[in-house]
Each structure stands twice: as structure tokens, then as C-alpha cells.
Amino acid sequence: MFELYADPFVGVDEAVRKRVVSNCGIEAHEGREPNRPDAEPLVGHATGRMSEAEYVRSAFADV
């Protein structure tokens, strides 16, 4: 996923990057392919660029 959507990870430290990629790997293992609309909020929340409330709103925006 990191290779497909590298730009949201610009400036993100290695530990955060690994955590986000691992979370996406878990979702992929469960049959859900990661995509940019999923990756950007995950990175934003993991780095503190996005608050918990913003992350939850983005997660439910397509529901």
C-alpha cells in the first residue's frame, strides 16, 4: 500500500508508517483492498493531522 499511495506518507516517521501499513494489511487479509480514500484518513489520524472526531466522520461519510 505504501508504494501505491506514497504521498500521504511524506514526512511520516517509520514507526507510524509501519503501523498504518500493518493496519491496512489486516484489512487486506480480511478481503478489503486498501485504497487512497482509506489511506489518507488513517495516515492523518495516526500522525495527529486529523482528530479522532474527524477520523470517525470520514469513516462514516460513505456509509
Side-chain angles (χ1 to χ4, degrees):
M1 183 191 79
F2 173 69
E3 293 79 19
L4 294 174
Y5 311 115
D7 55 310
F9 292 93
V10 171
V12 175
D13 71 43
E14 184 72 12
V16 172
R17 185 187 69 79
K18 284 182 178 182
R19 188 170 67 234
V20 171
V21 170
S22 175
N23 287 339
C24 289
I26 291 167
E27 288 184 9
H29 180 69
E30 294 173 354
R32 184 161 191 246
E33 290 298 320
N35 57 45
R36 179 174 298 280
D38 293 336
E40 289 175 342
L42 282 169
V43 174
H45 184 256
T47 59
R49 296 180 208 159
M50 178 182 276
S51 71
E52 182 79 20
E54 290 170 318
Y55 178 73
V56 170
R57 275 194 301 274
S58 74
F60 287 101
D62 295 328
V63 176

Chi angles and distances behind the side-chain contact (heavy atoms from CB on, under 4.5 Å) call for Cys24, Asp38: CA-CA 9 Å; Cys24 289; Asp38 293 336; 5.9 Å; no
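- For Glu33, the side chain to side chain donor-acceptor pair (under 3.5 Å) criterion is met by no residue, not counting sequence neighbours.
- At distances below 3.5 Å, not a single donor-acceptor pair connects side-chain atoms of Ser22 with backbone N or O atoms of Lys18.
- Leu42 places a side-chain heavy atom less than 4.5 Å from the side chain of Tyr55.
- For the side chain to side chain donor-acceptor pair (under 3.5 Å) test, residues two or more places apart in sequence or in another chain that qualify with Glu14 are Arg17.
- Taking the salt bridge (Lys or Arg N to Asp or Glu O under 4.0 Å) definition, one finds that Glu54 meets it with nothing, sequence neighbours left out.
- The heavy-atom pair separating Ser58 from Met50 by the smallest distance is OG-SD, 4.3 Å.
- Considering only residues two or more places apart in sequence or on other chains, Glu52 meets the side-chain contact (heavy atoms from CB on, under 4.5 Å) condition with His45, Val56.
- Shown here for Asn35 and Pro37, the closest heavy-atom pair between the two residues is OD1-CD, 3.1 Å.
- In this structure the side chain of Arg49 reaches within 4.5 angstrom of the side chain of Val43, judged on heavy atoms.
- Sorted by first and then second residue, the ring pair (Phe, Tyr, Trp, His ring centres under 6.0 Å) pairs with a member in residues 22-41 form an empty list; sequence neighbours excluded.
- Residues meeting the salt bridge (Lys or Arg N to Asp or Glu O under 4.0 Å) test with Arg19, sequence neighbours left out: none.
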